[in-house]
Colleague: 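Okay, here's the structure, questions in a sec.
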Amino acid sequence: MESLRAWLKIAGVALNPLWTSLRGVFVWPITWRVVLGYLTVGMVGVALCLALLISFVIKGAFGPIPSKKELRQIRNSTASEIYTTDGAMIGRYFFLNRVNADISELNDATMYALIATEDARFMKHGGIDLRALFRVLFRSVIMNDDSAGGGSTISQQLAKNLYPRQRYRVATMLLNKIREMVIARKIESIYSKKETLSLYLNTVPFSDNVYGIKVASQRFFNKEPKDLKTEEAALLIGTLKGNTSYHPIKYPEKSRERRNLVLARMHQFGYLSDTALDTLSKLPLKLNYTVDTHSAGLAPYFREHLRMELENVLKDYTKPNGQPYNHYTDGLRIYTTLDANLQKYAEQAMQAQMPKLQKRFYREWSGQDPWENDENLKKILEASPTYQAWKKLGYSHQGILKRLGKPYKMQLFSWGGPIEREYSQLDSIKYYLKMLNTGILAADPETGAIKAWVGGYDHRFIKYDHAKARRQVGSTFKPLLYAQAVESGMDPCQHFPNRLKTYPEYEDWQPKNSDNRYGGGYSLEGALTKSVNTVSVQIIMETGINPVRDLANKMGITQKIPYAPSIALGTVETSLYDMVQAYSCFVNRGIKKKLYFIERIETADGEVIAEFGPGKKKEADKRVMSEKTADIMVKMMRSVVDRGTASSVKWKYAITNDFAGKTGTTQNQSDGWFMGLTKKLVAGVWVGAESPILHFKSLDSGQGSATALPIWGEFMSRVYKDPRYSSWKDEKMAVLPDSVLNRLSCPQRIWYPSDSLAYDSLGNPILPSVGDTTQQVIETTNGELGSLPHQPKRREQVPVKERLALNTNDNRRSKSKS
């Protein structure tokens, strides 16, 4: 106790001078005049402190204040838009789904609704509304009224949206408010009132986490902001109070009440008449809700491919500040080569044909699993990313199956619409293994511009893009082989015997025809028309494997091609993209024009950043074969659709214009292909299951002419019915001169005397020969059976023994050249 008294005595002595000085400051006794004086001094002191604080804020002591120059160049984080060549907007890339609206795109109803709701005196103040500020101060602080509002003007709210609030150690709210007022004053000194409203409406978030009035009006009413009705504008402005609480889809009644409150405010401040208020308040919500997602809409697989490519492309182009452009934030306009109508027809063709193919697939495997046994299923599972992820964590096969076997509710794709099931991941994998997939790609061969891109049936459920997938191409590779044969000097009228042959130098390999039919001899055109495997192998043996590989690479096959004669039968694995690139060379008469899909990229202001169209492409056009070779190949592929494996497309889909093509089917019918050529469009289609292990049982059901060809026919049939493309029917591909045509006017198939004793691989007798060695049964160029006349001067009419001798000489010449 004594020590405490001692300490207090010491403190009293120390504080006595301070107390004496304070007593000299105050006037005693205290009267109302003295109080008033003290309050005045206090208020002046506060004002001086506030002025000092404001000056510190302006100087940037509490964070940088944007200059007027920066404010004139305001650019929000804005979504980039994707356009087709015909001007259709097909998607956006964004972190925040925002697209800025111009002043011209805003109507009066939207601006009046905003002013009436958020800042009734907006047209009268210069960015700071002191009356509203003091009202809020009085009602909130003195009267404790929570409904007083925040007192911030639209300009201050805009400042907050553009430059988000920061945290300070002390006086965070006060410092942020001062900072917003300073920026608001600058904004109003630069922009007109209407421009300020436009900027504000471009920065605020609406329901569904969409930013800006333009995206919001498209999302909820599927229209542009300028077309919004008064009640629609009031609804959108009303959601700004709470974009989740007043979501018009989730909470329609609350949203309607909020809309009517906005209408009442508009009436209160003279923007609506009594009659209009009464009429509009009674209207129900009429929404046209349109979800804008990366997986919905036209060409989702193309948009995803474009998104990934843009990340590389934009690295080479920088903004004035030296930073590279960003397609998620910089509001770019990306103009692509895609044709919205052709894309729509390609997707419709897929939707029309794939359900039929799926039913056929299910019917063939009725009561059975298409993977046939557990070992095949295990191979497929082990190749999946999900399985590999669990395996890296150290789980065994059984352990992984246990984790994949836990059921939960999920949504699955079906051609009748999405379905919900209580499935495990393993069930889901099995479900999709039974689904057929497809890819469609179409390009303008004259320019290389890609016009349609279908990577699958639904991007929401299957992300894998089958336009880029590598699969065996089957007989669609044969035109590349035959092109090299012709280019190297092989006579197209040289006939090759259609006989089973074993190649000891390749481990006794014995290639067979898909129909197991043999006998006779085929010219190059005849063998390509009927897709005769035995002849294709003989051709690559004479031409050489490496020259074929080299030509295929030059034409656009980017994958490594194995050194094996089996590539003549299409064991090459490549993508639909590469095949369309390669086939375009035929229509272009031997010139390779690099495929491309971006025309140009512009800023939001219309300034061109980059161009990629004809004359702007980095890779120059290259000649990969002679005009004559390309034209001969087009003639041969015309025969394929006239009387060969693709002839059904003419009568099924009434396509009668000049076109050519080639079907392709891989082993066990795992892949079906068709490549179709016209003057204006080269289009390829692939159909198959997720894994090559899964396939159709029968050749009739699973060959390319039965799977891929119908989709191509459906697509082109829709194209030709559109008046916009009616002139395409008259377009002709290159036609060979008569001098060349006469040389090629030979039988596609001949029969040898020995065929009367031949049997096919199934033991069936070959069609017997007729007549002697100078008159054999042949298949003529129109596909009918006829007899060879006695005119030995023409090559195709030379007696068989002499023809065989000529063929032998031709073979020797071809070998010496290769």
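Residue indices begin at 1 and follow the sequence shown.
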Colleague: Can you find a pair of side-chain heavy atoms, one from T666 and one from V473, that are under 4.5 Å apart?
Modeller: no

Colleague: Check K679 with D658, please: is the shortest side-chain N to carboxylate O separation under 4.0 Å?
Modeller: no

Colleague: State the CG-CD1 distance between L357 and I711, to the nearest 0.5 angstrom.
Modeller: 5.5 Å

Colleague: Quick one: pull up CE in M111 and NZ in K194 and give me the separation to the nearest 0.5 Å.
Modeller: 4.0 Å

Colleague: Just to verify, what does Y335 make a ring-ring contact (aromatic ring centres under 6.0 Å, His included) with, not counting sequence neighbours?
Modeller: Y83

Colleague: Run F461 and Y432 through side chain to side chain contact (heavy atoms under 4.5 Å, CB included) and show every step you take.
Modeller: CA-CA 10 Å; F461 298 95; Y432 284 113; 3.4 Å; yes

Colleague: Working note: T336 + F597, criterion side chain to side chain contact (heavy atoms under 4.5 Å, CB included); need CA distance, chi angles, decisive distance, verdict.
Modeller: CA-CA 5 Å; T336 71; F597 44 85; 5.6 Å; no

Colleague: Given side chains that start at C-beta, do those of D330 and K319 come closer than 4.5 Å, heavy atoms only?
Modeller: yes

Colleague: For K593, is there an ion pair with E446 - N to carboxylate O distance below 4.0 angstrom?
Modeller: no

Colleague: Are the aromatic ring centres of F696 and F361 under 6.0 angstrom apart?
Modeller: yes

Colleague: Determine whether the side chains of S207 and N243 contain a donor N or O and an acceptor N or O closer than 3.5 Å.
Modeller: no

Colleague: So does K721 have more than 12 non-hydrogen atoms from other groups sitting under 6.0 Å from NZ?
Modeller: no

Colleague: What distance separates F715 CZ from Y345 OH, expressed to the nearest 0.5 Å?
Modeller: 10.0 Å

Colleague: Tell me the closest heavy-atom pair linking F612 and V313, and the distance in Å.
Modeller: CZ-CG1, 3.6 Å

Colleague: Is there a donor in the side chain of N657 and an acceptor in the side chain of W728, or the other way round, less than 3.5 Å apart?
Modeller: no

Colleague: Is the shortest side-chain heavy-atom distance between K315 and P324 below 4.5 Å?
Modeller: no

Colleague: Would you kindly say whether Q559 and E573 are connected by a side-chain donor-acceptor distance under 3.5 Å?
Modeller: no

Colleague: May I ask you to decide whether D671 forms a salt bridge with R471, counting only side-chain N to carboxylate O separations under 4.0 Å?
Modeller: yes

Colleague: Hey, is E81 close enough to R92 for a salt bridge, meaning N to O under 4.0 Å?
Modeller: yes

Colleague: Indicate yes or no: at least one non-hydrogen side-chain atom of H327 is less than 4.5 angstrom from one of E311.
Modeller: yes

Colleague: Is there a side chain to side chain contact (heavy atoms under 4.5 Å, CB included) between Q703 and Q669? Walk through the geometry before answering.
Modeller: CA-CA 6 Å; Q703 61 188 332; Q669 303 80 240; 5.5 Å; no

Colleague: Kindly say whether T78 contributes a backbone atom to a donor-acceptor pair with the side chain of T329 at under 3.5 angstrom?
Modeller: no

Colleague: Passes side chain to side chain contact (heavy atoms under 4.5 Å, CB included), I601 versus Y325? Steps please.
Modeller: CA-CA 11 Å; I601 302 173; Y325 284 98; over 6 Å; no

Colleague: Mind checking whether Q411 and I419 have side chains closer than 4.5 Å, heavy atoms only?
Modeller: no

Colleague: Please answer whether the main-chain N or O of I557 pairs with a side-chain N or O of Q581 as donor and acceptor at a distance below 3.5 Å.
Modeller: no

Colleague: Should V687 and N437 count as side-chain neighbours, where that means a heavy-atom distance under 4.5 Å?
Modeller: no

Colleague: Side chains of T110 and N107: any donor to acceptor distance under 3.5 Å?
Modeller: yes

Colleague: Let me confirm one number: the CG-OG1 distance from N341 to T85, rounded to the nearest 0.5 Å.
Modeller: 11.0 Å

Colleague: Kindly check if the number of other-residue, nucleotide or ligand heavy atoms within 6.0 Å of NZ (K468) is above 12?
Modeller: yes

Colleague: Report, as yes or no, whether the 6.0 Å neighbourhood of atom NZ on K680 holds more than 12 heavy atoms from other residues, nucleotides or ligands.
Modeller: yes

Colleague: With a 4.0 Å cut-off, would you call K729 and E731 a salt bridge?
Modeller: no

Colleague: Is the shortest distance from a Lys or Arg side-chain nitrogen in D208 or R219 to a carboxylate oxygen in the other one below 4.0 Å?
Modeller: yes

Colleague: For D86 and T84, does a side-chain donor sit closer than 3.5 Å to a side-chain acceptor?
Modeller: yes

Colleague: Decide yes or no on salt bridge (Lys or Arg N to Asp or Glu O under 4.0 Å) for R307 and E309, but give the supporting numbers first.
Modeller: CA-CA 6 Å; R307 181 187 69 81; E309 287 295 314; over 6 Å; no

Colleague: If we count only N and O atoms by modelled type, under 3.5 Å, do the side chains of T558 and D578 hold a donor and an acceptor together?
Modeller: yes

Colleague: Aromatic ring centroids of F413 and Y457 under 6.0 Å?
Modeller: yes

Colleague: Check for me whether the distance between the ring centres of H466 and Y464 falls short of 6.0 Å.
Modeller: yes

Colleague: Start with the C-alpha distance between K223 and E232, add both sets of side-chain angles, then the distance that settles salt bridge (Lys or Arg N to Asp or Glu O under 4.0 Å), and finish with yes or no.
Modeller: CA-CA 11 Å; K223 59 175 62 175; E232 294 170 342; 3.1 Å; yes

Colleague: Quick check: closest heavy atoms across C585 and A630, and the distance to 0.1 Å?
Modeller: O-CB, 4.3 Å

Colleague: Between D631 and R589, is there a side-chain N and carboxylate O pair less than 4.0 Å apart?
Modeller: yes

Colleague: Please step through side chain to side chain donor-acceptor pair (under 3.5 Å) for the pair D465 and H305, ending with a clear verdict.
Modeller: CA-CA 8 Å; D465 189 342; H305 176 74; 5.3 Å; no

Colleague: Ring centres under 6.0 Å, that's the criterion: do W673 and F477 meet it?
Modeller: no

Colleague: Side chains of L285 and S255, heavy atoms from C-beta outward: is any pair under 4.5 Å?
Modeller: yes

Colleague: Donor-acceptor check, side chain of N222 to backbone of N288, threshold 3.5 angstrom: yes or no?
Modeller: no

Colleague: Measuring only between side-chain heavy atoms, which start at C-beta, is L480 closer than 4.5 Å to M555?
Modeller: yes

Colleague: Regarding Y577 and R470, do their side chains bring together a donor and an acceptor under 3.5 Å, going by distance alone?
Modeller: no

Colleague: Is a salt bridge present between K650 and D642, judged by a nitrogen-to-oxygen distance below 4.0 Å?
Modeller: yes

Colleague: To the nearest 0.5 angstrom, please state how far the CD1 atom of I450 sits from the OH atom of Y596.
Modeller: 10.0 Å

Colleague: Report the distance from atom CZ of R259 to atom OG1 of T230, rounding to the nearest 0.5 Å.
Modeller: 11.0 Å

Colleague: Does the gap between the ring centers of F220 and H247 come in under 6.0 Å?
Modeller: yes

Colleague: Could you check whether Y93 and N326, counting side-chain N and O atoms only, form a donor-acceptor pair closer than 3.5 Å?
Modeller: no

Colleague: Side chains of Q351 and E347: any donor to acceptor distance under 3.5 Å?
Modeller: no

Colleague: Please assess Y653 against R718 for the test side chain to side chain donor-acceptor pair (under 3.5 Å), listing each intermediate value before the final yes or no.
Modeller: CA-CA 9 Å; Y653 299 97; R718 291 173 184 268; over 6 Å; no

Colleague: Look at K286 together with E231 and state whether they make a salt bridge at an N to O cut-off of under 4.0 Å.
Modeller: no

Colleague: Please determine, by modelled atom types, if N588 and Y583 share a side-chain donor-acceptor pair under 3.5 angstrom.
Modeller: no

